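Worksheet: the structure to be examined is printed underneath.
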Amino acid sequence: MKLIVMGQQAFGKAALEKILQEGKDEVVAVYCAPEKEGKPLDPLKEYALELNIPVYQPANFSDQETLQQLQSHQSDLMIMAYVIIFVPEKARDIPRLGSICFHPSLLPKHRGPSSINWPIMWGATETGFSWFYPTDGLDEGDILMQWKCSIDPDDTLGYVYFKKIFPAAVDSISKVCEMYRTGNTPRITQNESDATYESWCRAKDAKIDWHKPAQEVYNLIRGTNPQPGAWTTYKGQVIKIFDTGLASHVGNGPGTVHEINDHGLIVNAQNGGIIVKRVRPENDKKVPVSEWITSAGVKVGDVLGSN
(Lines give C-alpha, C1' and ligand atoms only; values in the text may rest on other atoms or scores of the structure.)
Protein backbone atom coordinates (compact mmCIF):
# COMPACT_ATOMS: atom_id res chain seq x y z
CA MET A 1 0.00 0.00 0.00
CA LYS A 2 0.94 3.61 -0.45
CA LEU A 3 0.72 5.31 2.94
CA ILE A 4 0.56 8.85 4.25
CA VAL A 5 1.84 9.13 7.82
CA MET A 6 0.40 12.06 9.73
CA GLY A 7 1.57 12.88 13.24
CA GLN A 8 4.29 14.44 15.32
CA GLN A 9 6.79 13.98 18.12
CA ALA A 10 8.19 10.65 19.32
CA PHE A 11 5.14 8.54 18.51
CA GLY A 12 4.86 9.92 14.98
CA LYS A 13 8.52 9.13 14.37
CA ALA A 14 8.19 5.64 15.89
CA ALA A 15 5.16 4.94 13.68
CA LEU A 16 7.11 5.88 10.57
CA GLU A 17 10.10 3.80 11.70
CA LYS A 18 7.88 0.76 12.26
CA ILE A 19 6.28 0.98 8.83
CA LEU A 20 9.65 1.33 7.11
CA GLN A 21 11.13 -1.48 9.20
CA GLU A 22 8.32 -3.82 8.10
CA GLY A 23 9.06 -2.93 4.48
CA LYS A 24 5.66 -4.02 3.21
CA ASP A 25 4.27 -0.58 2.39
CA GLU A 26 5.54 2.60 0.76
CA VAL A 27 5.34 5.90 2.64
CA VAL A 28 4.65 8.52 -0.03
CA ALA A 29 4.30 11.55 2.26
CA VAL A 30 4.55 12.71 5.86
CA TYR A 31 2.31 15.42 7.36
CA CYS A 32 3.26 17.30 10.55
CA ALA A 33 1.86 20.20 12.51
CA PRO A 34 3.23 23.62 11.48
CA GLU A 35 6.44 24.77 13.09
CA LYS A 36 6.29 26.76 16.33
CA GLU A 37 8.71 29.63 16.67
CA GLY A 38 11.57 28.83 18.99
CA LYS A 39 10.77 25.11 19.15
CA PRO A 40 13.18 22.40 17.94
CA LEU A 41 12.49 20.52 14.73
CA ASP A 42 9.78 17.89 15.16
CA PRO A 43 11.36 14.38 15.43
CA LEU A 44 8.98 12.96 12.80
CA LYS A 45 9.80 15.72 10.33
CA GLU A 46 13.52 15.44 10.99
CA TYR A 47 13.50 11.68 10.45
CA ALA A 48 11.41 11.89 7.27
CA LEU A 49 13.70 14.53 5.79
CA GLU A 50 16.75 12.37 6.52
CA LEU A 51 15.14 9.66 4.39
CA ASN A 52 14.07 12.08 1.63
CA ILE A 53 10.38 11.47 2.30
CA PRO A 54 8.33 14.56 1.33
CA VAL A 55 7.10 16.48 4.39
CA TYR A 56 4.10 18.84 4.41
CA GLN A 57 2.88 21.12 7.19
CA PRO A 58 -0.39 22.78 6.16
CA ALA A 59 -2.18 24.91 8.75
CA ASN A 60 -5.60 24.23 7.22
CA PHE A 61 -6.73 20.91 5.75
CA SER A 62 -9.83 22.51 4.22
CA ASP A 63 -7.70 24.61 1.90
CA GLN A 64 -8.14 23.61 -1.74
CA GLU A 65 -4.42 23.63 -2.40
CA THR A 66 -3.86 21.24 0.51
CA LEU A 67 -6.61 18.92 -0.72
CA GLN A 68 -5.10 18.84 -4.20
CA GLN A 69 -1.72 18.14 -2.65
CA LEU A 70 -3.17 15.18 -0.72
CA GLN A 71 -4.77 13.85 -3.92
CA SER A 72 -1.48 14.06 -5.78
CA HIS A 73 0.04 11.32 -3.58
CA GLN A 74 -2.46 8.74 -4.90
CA SER A 75 -2.27 7.02 -1.52
CA ASP A 76 -4.18 4.01 -0.25
CA LEU A 77 -4.37 4.86 3.45
CA MET A 78 -3.57 7.71 5.83
CA ILE A 79 -2.31 6.67 9.26
CA MET A 80 -2.97 9.39 11.82
CA ALA A 81 -0.54 8.92 14.71
CA TYR A 82 -0.81 11.61 17.40
CA VAL A 83 -2.69 14.29 15.45
CA ILE A 84 -3.74 17.52 17.19
CA ILE A 85 -4.93 19.45 14.12
CA PHE A 86 -8.51 19.03 12.88
CA VAL A 87 -8.58 17.12 9.61
CA PRO A 88 -12.02 17.28 7.93
CA GLU A 89 -13.76 14.44 6.14
CA LYS A 90 -12.96 15.71 2.67
CA ALA A 91 -9.27 15.42 3.51
CA ARG A 92 -9.49 12.13 5.44
CA ASP A 93 -11.37 10.43 2.61
CA ILE A 94 -8.86 11.25 -0.13
CA PRO A 95 -6.78 8.05 0.30
CA ARG A 96 -8.40 5.09 -1.44
CA LEU A 97 -9.12 3.32 1.87
CA GLY A 98 -9.62 6.48 3.91
CA SER A 99 -7.87 7.19 7.21
CA ILE A 100 -7.32 5.44 10.54
CA CYS A 101 -6.47 7.28 13.76
CA PHE A 102 -4.73 6.39 17.02
CA HIS A 103 -6.06 7.46 20.43
CA PRO A 104 -4.49 6.53 23.80
CA SER A 105 -7.62 5.50 25.69
CA LEU A 106 -10.27 2.80 25.58
CA LEU A 107 -12.84 4.73 23.60
CA PRO A 108 -15.49 5.92 24.15
CA LYS A 109 -13.97 6.71 27.55
CA HIS A 110 -11.61 9.67 27.80
CA ARG A 111 -12.12 11.35 24.48
CA GLY A 112 -9.92 14.40 24.29
CA PRO A 113 -6.24 15.40 24.45
CA SER A 114 -5.13 14.32 27.97
CA SER A 115 -6.61 10.85 27.84
CA ILE A 116 -3.89 9.13 29.88
CA ASN A 117 -3.68 11.69 32.70
CA TRP A 118 -7.30 11.61 33.76
CA PRO A 119 -7.83 7.87 34.36
CA ILE A 120 -4.74 7.75 36.58
CA MET A 121 -5.80 10.89 38.44
CA TRP A 122 -9.24 9.39 39.06
CA GLY A 123 -7.92 6.07 40.31
CA ALA A 124 -8.72 3.84 37.31
CA THR A 125 -7.07 0.43 37.21
CA GLU A 126 -7.20 -0.07 33.42
CA THR A 127 -6.48 1.90 30.28
CA GLY A 128 -5.18 1.22 26.78
CA PHE A 129 -5.48 2.56 23.25
CA SER A 130 -7.82 2.49 20.27
CA TRP A 131 -7.43 2.64 16.51
CA PHE A 132 -10.61 4.18 15.13
CA TYR A 133 -12.13 5.57 11.94
CA PRO A 134 -12.06 9.35 12.51
CA THR A 135 -15.12 11.49 11.95
CA ASP A 136 -15.66 15.23 12.31
CA GLY A 137 -16.59 14.60 15.96
CA LEU A 138 -13.79 14.41 18.51
CA ASP A 139 -12.68 10.75 18.86
CA GLU A 140 -16.20 9.58 17.97
CA GLY A 141 -15.70 7.20 15.05
CA ASP A 142 -16.18 3.43 14.90
CA ILE A 143 -13.36 1.37 16.40
CA LEU A 144 -11.06 -0.87 14.36
CA MET A 145 -9.18 -2.43 17.30
CA GLN A 146 -8.31 -1.86 20.95
CA TRP A 147 -5.60 -2.92 23.40
CA LYS A 148 -5.86 -2.92 27.19
CA CYS A 149 -3.35 -2.69 30.01
CA SER A 150 -3.45 -2.34 33.79
CA ILE A 151 -2.78 0.83 35.72
CA ASP A 152 -0.93 -0.51 38.73
CA PRO A 153 -1.18 1.28 42.11
CA ASP A 154 2.15 3.12 41.77
CA ASP A 155 2.16 3.74 38.01
CA THR A 156 2.78 7.29 36.85
CA LEU A 157 1.67 8.96 33.64
CA GLY A 158 5.18 8.59 32.26
CA TYR A 159 5.39 4.90 33.12
CA VAL A 160 1.97 4.02 31.68
CA TYR A 161 2.69 5.83 28.44
CA PHE A 162 6.34 5.04 27.76
CA LYS A 163 6.53 1.52 29.25
CA LYS A 164 3.07 0.19 28.43
CA ILE A 165 1.06 2.10 25.81
CA PHE A 166 3.86 3.43 23.59
CA PRO A 167 5.64 0.14 22.74
CA ALA A 168 2.39 -1.78 22.31
CA ALA A 169 0.94 0.97 20.12
CA VAL A 170 4.00 1.01 17.87
CA ASP A 171 3.79 -2.77 17.49
CA SER A 172 0.09 -2.51 16.67
CA ILE A 173 0.81 -0.46 13.55
CA SER A 174 1.94 -3.66 11.82
CA LYS A 175 -1.37 -5.30 12.67
CA VAL A 176 -3.37 -2.28 11.50
CA CYS A 177 -1.61 -2.26 8.14
CA GLU A 178 -2.09 -6.01 7.76
CA MET A 179 -5.81 -5.65 8.47
CA TYR A 180 -6.09 -3.18 5.61
CA ARG A 181 -3.99 -5.30 3.29
CA THR A 182 -6.27 -8.29 3.83
CA GLY A 183 -9.52 -6.32 3.90
CA ASN A 184 -10.20 -7.43 7.49
CA THR A 185 -11.29 -4.06 8.89
CA PRO A 186 -14.14 -4.48 11.39
CA ARG A 187 -16.15 -1.51 12.61
CA ILE A 188 -17.27 -1.51 16.24
CA THR A 189 -19.70 1.28 17.07
CA GLN A 190 -18.81 3.31 20.14
CA ASN A 191 -21.40 3.14 22.92
CA GLU A 192 -22.33 6.77 23.49
CA SER A 193 -23.79 6.01 26.92
CA ASP A 194 -20.25 5.19 28.11
CA ALA A 195 -18.63 8.21 26.48
CA THR A 196 -16.64 10.75 28.48
CA TYR A 197 -14.75 13.82 27.31
CA GLU A 198 -12.01 15.65 29.13
CA SER A 199 -10.01 18.61 27.89
CA TRP A 200 -6.31 19.29 28.42
CA CYS A 201 -4.91 18.56 31.86
CA ARG A 202 -3.50 21.96 32.74
CA ALA A 203 -1.58 23.39 35.67
CA LYS A 204 -4.84 24.47 37.32
CA ASP A 205 -5.95 20.83 37.37
CA ALA A 206 -2.66 19.73 38.96
CA LYS A 207 -2.85 21.88 42.10
CA ILE A 208 -2.62 19.71 45.23
CA ASP A 209 -5.36 20.03 47.83
CA TRP A 210 -3.83 18.57 50.98
CA HIS A 211 -7.31 18.42 52.59
CA LYS A 212 -8.24 15.57 50.26
CA PRO A 213 -7.63 11.89 51.08
CA ALA A 214 -4.03 10.81 50.69
CA GLN A 215 -4.95 8.31 47.97
CA GLU A 216 -6.57 11.05 45.87
CA VAL A 217 -3.53 13.29 46.29
CA TYR A 218 -1.27 10.39 45.33
CA ASN A 219 -3.36 9.68 42.22
CA LEU A 220 -3.16 13.34 41.22
CA ILE A 221 0.63 13.35 41.52
CA ARG A 222 0.98 10.06 39.60
CA GLY A 223 -1.36 11.23 36.85
CA THR A 224 0.53 14.47 36.26
CA ASN A 225 4.07 13.08 36.44
CA PRO A 226 5.88 14.27 34.35
CA GLN A 227 3.37 16.68 32.76
CA PRO A 228 2.01 19.11 33.76
CA GLY A 229 3.43 18.31 37.21
CA ALA A 230 1.44 18.39 40.45
CA TRP A 231 2.21 21.48 42.49
CA THR A 232 1.85 23.16 45.83
CA THR A 233 3.43 26.21 47.44
CA TYR A 234 6.03 26.80 50.13
CA LYS A 235 6.76 30.27 51.46
CA GLY A 236 5.09 31.80 48.42
CA GLN A 237 7.02 29.74 45.88
CA VAL A 238 5.50 27.12 43.57
CA ILE A 239 6.95 23.66 44.17
CA LYS A 240 6.22 20.88 41.69
CA ILE A 241 6.12 17.39 43.16
CA PHE A 242 7.04 14.29 41.19
CA ASP A 243 8.23 10.99 42.64
CA THR A 244 6.20 10.13 45.74
CA GLY A 245 4.85 7.29 47.85
CA LEU A 246 1.94 6.74 50.21
CA ALA A 247 2.36 6.91 53.98
CA SER A 248 -0.20 5.14 56.15
CA HIS A 249 0.05 7.40 59.18
CA VAL A 250 -2.64 9.95 59.98
CA GLY A 251 -1.11 13.30 60.87
CA ASN A 252 -2.65 16.53 62.02
CA GLY A 253 -2.88 19.55 59.76
CA PRO A 254 -3.31 19.10 55.98
CA GLY A 255 -0.12 20.06 54.15
CA THR A 256 1.98 19.96 57.30
CA VAL A 257 5.46 18.44 57.07
CA HIS A 258 5.04 15.52 59.45
CA GLU A 259 8.47 13.94 59.18
CA ILE A 260 11.83 14.26 57.42
CA ASN A 261 13.80 11.03 57.00
CA ASP A 262 16.13 9.16 54.65
CA HIS A 263 13.27 8.50 52.21
CA GLY A 264 12.26 12.16 51.90
CA LEU A 265 9.66 14.17 53.70
CA ILE A 266 6.16 13.12 54.70
CA VAL A 267 3.35 15.62 54.20
CA ASN A 268 -0.03 15.20 55.89
CA ALA A 269 -3.18 14.70 53.86
CA GLN A 270 -6.52 13.31 54.98
CA ASN A 271 -6.33 9.74 56.29
CA GLY A 272 -2.64 9.40 55.49
CA GLY A 273 0.32 11.17 54.03
CA ILE A 274 2.52 11.59 50.98
CA ILE A 275 6.21 10.65 50.95
CA VAL A 276 7.82 13.28 48.71
CA LYS A 277 11.03 12.13 46.99
CA ARG A 278 11.66 14.52 44.09
CA VAL A 279 10.59 18.11 43.49
CA ARG A 280 11.10 21.03 41.16
CA PRO A 281 11.41 24.39 42.89
CA GLU A 282 10.11 27.42 41.02
CA ASN A 283 12.41 28.44 38.13
CA ASP A 284 14.73 25.54 38.82
CA LYS A 285 15.35 21.94 37.74
CA LYS A 286 14.08 18.70 39.28
CA VAL A 287 16.11 17.71 42.35
CA PRO A 288 16.00 15.04 45.08
CA VAL A 289 13.83 16.34 47.89
CA SER A 290 16.78 16.17 50.29
CA GLU A 291 18.53 18.83 48.22
CA TRP A 292 15.48 21.08 48.32
CA ILE A 293 15.01 20.56 52.07
CA THR A 294 18.55 21.81 52.65
CA SER A 295 18.41 24.76 50.25
CA ALA A 296 14.94 25.92 51.32
CA GLY A 297 15.38 25.21 55.02
CA VAL A 298 12.28 23.01 55.25
CA LYS A 299 11.47 21.87 58.80
CA VAL A 300 8.98 19.55 60.47
CA GLY A 301 5.84 21.56 61.19
CA ASP A 302 6.13 23.74 58.08
CA VAL A 303 2.96 23.86 55.97
CA LEU A 304 2.78 23.39 52.20
CA GLY A 305 0.01 25.00 50.20
CA SER A 306 -0.76 27.69 52.75
CA ASN A 307 -0.11 30.50 50.26
Side-chain angles (χ1 to χ4, degrees), residues 1-9 11-33 44-45 47-48 51-58 60-108 111 128-147 165-166 168-191:
M1 296 186 295
K2 292 184 177 181
L3 304 180
I4 294 173
V5 175
M6 180 182 292
Q8 60 182 40
Q9 300 303 324
F11 185 66
K13 178 185 177 183
L16 177 58
E17 286 178 321
K18 185 67 174 180
I19 292 166
L20 297 178
Q21 178 186 1
E22 292 282 304
K24 297 180 180 180
D25 302 293
E26 177 188 2
V27 177
V28 294
V30 164
Y31 280 76
C32 299
L44 171 58
K45 177 180 179 179
Y47 183 60
L51 299 175
N52 295 316
I53 299 173
V55 177
Y56 305 89
Q57 297 174 279
N60 185 347
F61 279 88
S62 296
D63 182 77
Q64 190 59 38
E65 183 178 346
T66 298
L67 295 175
Q68 290 174 350
Q69 184 187 79
L70 280 165
Q71 290 170 339
S72 71
H73 304 310
Q74 297 183 329
S75 61
D76 296 302
L77 177 67
M78 181 154 63
I79 295 180
M80 303 172 71
Y82 186 23
V83 175
I84 59 174
I85 294 178
F86 175 66
V87 182
E89 181 179 10
K90 56 186 175 182
R92 297 191 310 267
D93 286 353
I94 285 176
R96 180 176 63 88
L97 299 173
S99 300
I100 194 70
C101 189
F102 172 79
H103 183 73
S105 84
L106 296 173
L107 293 172
R111 294 170 175 169
F129 61 77
S130 307
W131 285 97
F132 71 102
Y133 303 91
T135 66
D136 286 349
L138 183 61
D139 304 326
E140 294 178 3
D142 292 345
I143 294 167
L144 171 70
M145 63 172 287
Q146 289 187 316
W147 177 87
I165 290 178
F166 190 103
V170 172
D171 285 344
S172 75
I173 292 170
S174 301
K175 183 175 182 180
V176 168
C177 290
E178 183 64 21
M179 293 170 84
Y180 273 93
R181 285 191 217 101
T182 60
N184 176 27
T185 52
R187 285 179 172 266
I188 304 166
T189 303
Q190 294 192 36
N191 185 348

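Being a predicted model, the structure only gives us computed values, none of them experimental. Counting from 1, the numbers follow the sequence of the chain as shown.
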Minimum side-chain heavy-atom gap Thr185-Tyr133 below 4.5 Å: yes
Residue pair Asn60 / Ser62: nearest heavy atoms and the distance that separates them: OD1-N, 2.8 Å
Check: residues 99-108 side-chain donor-acceptor pairs under 3.5 Å, at least two apart:
from: Ser99; atom 1: OG; to: Arg92; atom 2: O; distance (Å): 2.8
from: His103; atom 1: NE2; to: Ser105; atom 2: OG; distance (Å): 3.3
from: His103; atom 1: NE2; to: His110; atom 2: O; distance (Å): 2.9
from: Ser105; atom 1: OG; to: Lys109; atom 2: O; distance (Å): 2.6
from: Ser105; atom 1: OG; to: His110; atom 2: O; distance (Å): 3.3

Closest approach of Ser75 to Ile4 (non-hydrogen atoms, all atoms of both residues): OG-CD1, 3.4 Å
Approximate separation, where rounding is to 0.5 Å, of Cys177 SG and Leu77 CG: 6.5 Å
Closest non-hydrogen atom pair between Ala29 and Tyr31, with its separation: CB-CE1, 4.0 Å
Residue pair Trp147 / Ser172, side-chain donor-acceptor N/O under 3.5 Å: no
Value rounded to 0.5 Å, distance of CD1 in Ile19 from CD in Glu26: 12.0 Å
Side-chain donor or acceptor of Gln190 paired with backbone N/O of Asp139 under 3.5 Å: yes
Gap separating the CD atom of Gln71 from the CD1 atom of Ile94, nearest 0.5 angstrom: 4.5 Å
Residue pair Thr135 / Gly141: nearest heavy atoms and the distance that separates them: CG2-CA, 3.7 Å
Test ring-ring contact (aromatic ring centres under 6.0 Å, His included) applied to Phe61 and Phe86, step by step: CA-CA 8 Å; Phe61 279 88; Phe86 175 66; 9.3 Å; no
Close side-chain approach of Ile85 to Pro58, heavy-atom, < 4.5 Å: no
Rounded distance (nearest 0.5 Å) linking atom CG of Leu51 with atom CG of Leu16: 6.5 Å
Note, Lys18 side chain near Asp171 side chain (heavy atom, < 4.5 Å): yes
Point-to-point distance, once rounded to the nearest 0.5 Å, from CD of Gln9 to CD1 of Ile84: 8.0 Å
Check against salt bridge (Lys or Arg N to Asp or Glu O under 4.0 Å), Lys2 and Asp76: CA-CA 5 Å; Lys2 292 184 177 181; Asp76 296 302; over 6 Å; no
Min side-chain heavy-atom separation Tyr47-Leu20 under 4.5 Å: yes
Aromatic plane relationship, Tyr56 with His73 - under 30° parallel, 30 to 60° tilted, over 60° perpendicular: tilted
Beyond-backbone contact of Ile188 with Gln146, side-chain heavy atoms, under 4.5 angstrom: no
Validation row: Phe11, Val170 side chains within 4.5 angstrom (heavy atoms): yes
Straight-line distance of Leu3 CG to Lys24 NZ, nearest 0.5 Å: 12.5 Å
Residues that Asn191 engages under side-chain contact (heavy atoms from CB on, under 4.5 Å), provided they are two or more places apart: Ser193, Asp194
Test: Glu178 and Arg181 ion pair at under 4.0 Å: yes
Set of salt bridge (charged side-chain N to carboxylate O under 4.0 Å, His left out) partners for Asp142, sequence neighbours left out: Arg187
Smallest separation among heavy atoms of Met78 and Ala91, with atom names: CE-O, 4.1 Å
Minimum-distance pair of heavy atoms, taken over all atoms of Gly12 and Leu44: O-CD1, 3.4 Å
